[in-house]
Each structure stands twice: as C-alpha cells, then as structure tokens.
Amino acid sequence: PRSPPYLHPTTPYAAAGDYLASLRDLGRELYFIILNAYSVVARVSEPVWNAMPLGVGVSTQPLAGLAAIKSVISLMSKGWLLSYVVVVTQIAILEYIQRAMLGFLLPLGAVMMAFIPTRQFGGAMVALSFGMFFVLPITLVFNDLVLGDQLVRQPIEQSLSGLENAAPGA
C-alpha cells in the first residue's frame, strides 16, 4: 500500500496526480481481470456435446446457463471502462488546470475586466481560474485521504489477492 499524500512534502497537484494515477493503474488491472473472466466464462459456456452415433441422439450444451453470467460480466466491463475513462479524463483536466489557469485564464480575465462590456465575464474567468487552480486539487487530495484506503484500495487489493490465491496453479 502506498503512503497517503500528506505524509511526504508535495504540492497538491502532485498528490492529486498520484491519487488519480493509482486509481488509473488499479482500474486498468481490474479491467483486464474482468476481460479474462469474460473470456473464461465465454469459453466454458460454448461447448456443445453431441451424442449422435448414427445421426440420431442428443445434442446438448450443458453450461449454456452461464450466458447470463457472461452478459452480467459484459455490463460490468462496460461500467468499469466508463469509470476508467472518467479517471483518465480527470488526469487530463488536472494537467490542463495546472498549466492554463494561472498562466492563461487569469491574465485573460484581468484584461477582460478592464473593459466595461466584458467586466462580469472577466470577473467570472478570474474566479474560475482561482477556484479551479486551488479547489480541485485540494478536493482530490481530501477525497484520497477520506476514501482512498477504506473504500478503494484495501477492498480491491484484498479481492485481487483472493483471486490470485484461488487461481488454479497458484
């Protein structure tokens, strides 16, 4: 388990980036486990047993009932993929905010505040740049401190270790 971001001196952006990167890595690992489970269930549910010695007999698919589990795993993989895309998007937004808010939007908002017709919009841009630059990374750091170990990393790591121990040949 990694140490929480408040134990080592970093910027809020580095701590938030570490948190989102750990979620991204965990999401990638879990997505591949879900895909492997889907392929195993799909292969197990496909075989058809034919007992027709002279063209007369029985043809059965004994594990066809796993098709319902296969559809559940498919839905689960789609939901997990969506959450993975959201985390990757948050990483991109965090990088953009770090680079553009104080260097681009703040000066642009200050220039727009100098002109009467765009004064309110310029003030909104200044407020947005300060708010996003300071509030978003601190919110992600608090999210990591409050929810990171209890709800995200420990249960998933315990599940992964349980899967590794239950795997045949382990």
Side-chain angles (χ1 to χ4, degrees), residues 1-42 69-165 167:
R2 70 180 182 87
S3 61
Y6 59 86
L7 292 181
H8 53 284
T10 62
T11 65
Y13 279 97
D18 289 345
Y19 169 60
L20 290 176
S22 71
L23 289 180
R24 180 194 60 210
D25 297 340
L26 197 59
R28 185 181 303 133
E29 186 176 347
L30 282 175
Y31 186 69
F32 287 126
I33 289 173
I34 291 170
L35 287 180
N36 286 334
Y38 180 82
S39 66
V40 166
V41 170
I69 294 175
K70 189 169 69 169
S71 66
V72 168
I73 293 174
S74 174
L75 287 173
M76 186 170 55
S77 71
K78 291 174 187 173
W80 196 260
L81 183 62
L82 178 65
S83 66
Y84 179 77
V85 168
V86 167
V87 169
V88 171
T89 304
Q90 283 182 345
I91 291 171
I93 288 171
L94 188 70
E95 289 175 3
Y96 174 76
I97 287 173
Q98 185 179 8
R99 293 181 181 156
M101 285 298 160
L102 292 183
F104 179 69
L105 284 181
L106 182 66
L108 184 64
V111 168
M112 292 181 86
M113 283 178 57
F115 301 107
I116 293 173
T118 59
R119 183 165 290 161
Q120 286 183 341
F121 186 69
M125 287 181 72
V126 168
L128 179 72
S129 64
F130 274 125
M132 293 299 280
F133 189 78
F134 293 113
V135 173
L136 182 70
I138 292 172
T139 303
L140 289 171
V141 169
F142 286 152
N143 189 29
D144 184 22
L145 295 177
V146 173
L147 303 176
D149 287 329
Q150 289 79 16
L151 296 178
V152 178
R153 278 185 289 282
Q154 285 178 355
I156 292 175
E157 287 172 357
Q158 289 170 357
S159 298
L160 290 177
S161 67
L163 285 174
E164 290 170 356
N165 295 335

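Heavy atoms only: backbone and side chains are in, while hydrogens, waters and symmetry mates are out.
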Output for pair (Trp80 CH2, Leu35 CG), nearest 0.5 Å, gives 12.5 Å
For Leu140 and Ala16, work out which heavy atoms get closest and say how close.
CB-CB, 3.8 Å
What residues form a side-chain contact (heavy atoms from CB on, under 4.5 Å) with Phe142, not counting sequence neighbours?
Ile138, Leu145
Is it true that atom CD1 of Ile116 has more than 12 heavy atoms of other residues, nucleotides or ligands lying nearer than 6.0 Å?
no
Sequence neighbours excluded - side-chain hydrogen bond (donor to acceptor under 3.5 Å, both in side chains) pairs with any residue from residues 117-141:
none
With sequence neighbours excluded, residues passing side-chain contact (heavy atoms from CB on, under 4.5 Å) with Val41
Leu66, Ile69, Lys70, Ile73
With sequence neighbours excluded, tell me which residues meet side-chain contact (heavy atoms from CB on, under 4.5 Å) with Ala127.
none
Let me confirm one number: the CG-CE distance from Leu128 to Met132, rounded to the nearest 0.5 Å.
6.0 Å
What's the shortest heavy-atom distance between Ile34 and Ser77, and which atoms?
CG2-CB, 3.5 Å
Minimum heavy-atom distance Met113-Gly122, with the two atoms named:
CG-C, 3.4 Å
With sequence neighbours excluded, tell me which residues meet side-chain contact (heavy atoms from CB on, under 4.5 Å) with Met125.
Leu105, Leu108, Met112, Phe121
Tell me, with the steps shown, if Tyr19 and Val141 meet side chain to side chain contact (heavy atoms under 4.5 Å, CB included).
CA-CA 7 Å; Tyr19 169 60; Val141 169; over 6 Å; no
Drop me the distance from Leu136's CG to Ile93's CD1, to the nearest 0.5 angstrom.
8.0 Å
Please assess Val126 against Phe130 for the test side chain to side chain contact (heavy atoms under 4.5 Å, CB included), listing each intermediate value before the final yes or no.
CA-CA 6 Å; Val126 168; Phe130 274 125; 3.9 Å; yes
Quick one: ring pair (Phe, Tyr, Trp, His ring centres under 6.0 Å) partners of Tyr13, sequence neighbours excluded?
Phe133
Starting at OH of Tyr38, measure out to OG of Ser71 and round the result to the nearest 0.5 Å.
8.5 Å
Atom CG of Leu20 and atom CG of Leu94: how far apart are they, to the nearest 0.5 Å?
6.0 Å
Minimum heavy-atom distance Val87-Arg24, with the two atoms named
CG1-N, 3.9 Å
Any side-chain hydrogen bond (donor to acceptor under 3.5 Å, both in side chains) involving residues 82-98? Give me the pairs, sequence neighbours left out, ordered by first then second residue.
Arg28-Tyr84
